[in-house]
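Computed from a predicted structure; not experimentally measured.
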Amino acid sequence: RGGSPAGHGWPAEWARTKSVPHNPSVVRSFGRPQPPSRRTTALPSEIKPAPNMSYGPATMICPACKEGVGLVLRRHSVETAAEHFVPRDRDPRRHERLVRHLQDDLWKQDNVEVQRCPSCGFGFAVPWLGGGPEFYALAHEGDPHYPTNRWEFGTTLNTLRALPRPLRLAEVGAGDCAFLDLLGDGYDVVAADFDLGAVSQLLAKGYDAFAGSLSDLAERGDPPFDAVCMFQTLEHMAGLDDVFGLLRQLVKPGGSVFLS
């Protein structure tokens, strides 16, 4: 919402469908799509790395554009990944639990690759999986820290305040309710987050909150929402087609989805 998408390099299809408010549409393009003649559809052995970039062998079709084959930028071991979230020196026991969870439950292997699509520029991990409640409990230990303000909060609030109320609104990845606390009256809110510490804070403030994902929200059977918000949450999720399919299911005709 806002601005002229066609004038900022967004897909023309997005610009056209945006003007049809009674029929919410889904954008499947990520980054700035290249014309078909410039897209890389070659076999892995035929793909040439971009200048000044160091790639490993191509291994996986891009999950966003389905056109390019991902080129390996780097690899990380489970030990390195766990160290990023829970340094061994700070909490050896939780660090080891996270290592085991990554290796045995989430990745089911001892390393992860970061790949980049040479066609659309989308970056993704292989295996491409979203973390669940156990991962976030180990990573944050029930004490999440979220920014109290983000640029997209103001943009979204300005749009919502121009709409008639009451509004049914859901936020997935609601964190410690930094955005929801700004809404004011006139909103029927449902909030979801994987982090149990965040859910505890949401419940303590009286929000209808639960520990779960976008798919869990869809399974609750709530009436369709006027708006669904996911701020800096999409990058934590896998299965983009499924994500946008669920958003289509959750939002009523003429509704809005706010993503950053």
Side-chain angles (χ1 to χ4, degrees), residues 5-6 8-18 24-78 80-81 84 101-132 135-136 172-173 194 213-218 228 230-251 257 259-260:
H8 290 83
W10 292 90
E13 179 184 3
W14 191 92
R16 289 195 300 271
T17 56
K18 175 178 178 291
S25 60
V26 173
V27 183
R28 295 193 180 212
S29 298
F30 288 77
R32 301 196 176 203
Q34 300 293 329
S37 61
R38 292 173 58 191
R39 288 180 179 168
T40 304
T41 56
L43 296 173
S45 60
E46 298 171 334
I47 295 177
K48 294 180 173 57
N52 303 319
M53 295 292 284
S54 176
Y55 292 107
T59 61
M60 178 176 166
I61 297 294
C62 175
C65 73
K66 310 293 197 299
E67 296 282 349
V69 183
L71 297 167
V72 180
L73 292 173
R74 59 185 66 87
R75 292 182 177 87
H76 298 293
S77 67
V78 291
T80 302
H84 172 78
H101 174 65
L102 291 174
Q103 182 166 317
D104 300 338
D105 303 324
L106 191 59
W107 297 346
K108 300 186 185 301
Q109 60 188 50
D110 61 4
N111 67 87
V112 65
E113 293 179 347
V114 179
Q115 299 191 13
R116 179 182 182 274
C117 173
S119 177
C120 71
F122 184 70
F124 53 95
V126 178
W128 195 39
L129 300 164
F135 168 77
Y136 287 101
V172 178
F194 267 149
S213 63
L214 185 68
S215 59
D216 295 323
L217 176 62
V228 176
M230 296 200 308
F231 301 121
Q232 300 186 30
T233 300
L234 188 63
E235 65 268 26
H236 295 267
M237 306 168 77
L240 294 179
D241 290 342
D242 294 337
V243 168
F244 287 114
L246 289 168
L247 289 171
R248 191 189 294 270
Q249 173 185 335
L250 286 164
V251 177
V257 173
L259 299 175
S260 63

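- Of all the heavy atoms in Pro63 and Phe122, the pair that sits closest is CG-CE2, 3.9 Å.
- Within the 4.5 Å cutoff, side-chain heavy atoms of Pro127 are placed close to those of Gln109.
- Applying the side-chain hydrogen bond (donor to acceptor under 3.5 Å, both in side chains) test to Asp216 and every residue at least two apart in sequence or in another chain returns Ser213.
- Separating the CZ atom in Arg74 from the OG1 atom in Thr80 is a distance of 12.5 Å, to the nearest 0.5 Å.
- The aromatic rings of Phe124 and Trp128 sit perpendicular, their planes meeting at an angle over 60°, well past the 30° parallel limit.
- Side-chain atoms of Asp241 and Lys66, non-hydrogen and from C-beta on, do get closer than 4.5 Å to each other.
- Looking at Glu113, its side chain never comes within 3.5 Å of a backbone N or O of Gln115 through a donor-acceptor pair.
- In terms of heavy-atom proximity, Phe231 sits nearest to Ser260 at CA-OG, 3.4 Å.
- We find the CG-CD distance between Asn111 and Gln103 to be 9.5 Å, quoted to the nearest 0.5 Å.
- The two residues Leu234 and Phe244 have their closest heavy-atom pair at CD2-CZ, 4.4 Å.
- Applying the side-chain hydrogen bond (donor to acceptor under 3.5 Å, both in side chains) test to Asp110 and every residue at least two apart in sequence or in another chain returns nothing.
- Across all their heavy atoms, Ala81 and Leu102 have their closest contact at CB-CD1, 4.0 Å.
- Under the rule for a side-chain contact (heavy atoms from CB on, under 4.5 Å), the partners of Val172 that lie at least two apart in sequence or sit in another chain are Leu214, Leu217, Met230.
- By the side-chain contact (heavy atoms from CB on, under 4.5 Å) test, Ala125 pairs with Val112, sequence neighbours left out.
- Remark: Asp105 engages His101, Glu134 in a side-chain contact (heavy atoms from CB on, under 4.5 Å) (not counting sequence neighbours).
- Atom-to-atom distance recorded for Arg116:CZ and Leu71:CG is 8.5 Å, nearest 0.5 angstrom.
- For His236, the side-chain hydrogen bond (donor to acceptor under 3.5 Å, both in side chains) partners at least two apart in sequence or on another chain are Tyr136.
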| query | Should Val114 and His76 be marked as a side-chain contact (heavy atoms from CB on, under 4.5 Å) after you check the CA-CA gap, both sets of side-chain angles, and the distance that decides it? | reply | CA-CA 8 Å; Val114 179; His76 298 293; 4.1 Å; yes
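- Take Phe135 and apply the ring pair (Phe, Tyr, Trp, His ring centres under 6.0 Å) test, not counting sequence neighbours, and it matches Phe85.
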Go through the steps to decide whether Cys62 and Cys120 satisfy the test side-chain contact (heavy atoms from CB on, under 4.5 Å), and finish with yes or no. CA-CA 9 Å; Cys62 175; Cys120 71; 3.8 Å; yes
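- Expressed to the nearest 0.5 Å, how far OG1 of Thr233 lies from CG of Leu259 amounts to 9.0 Å.
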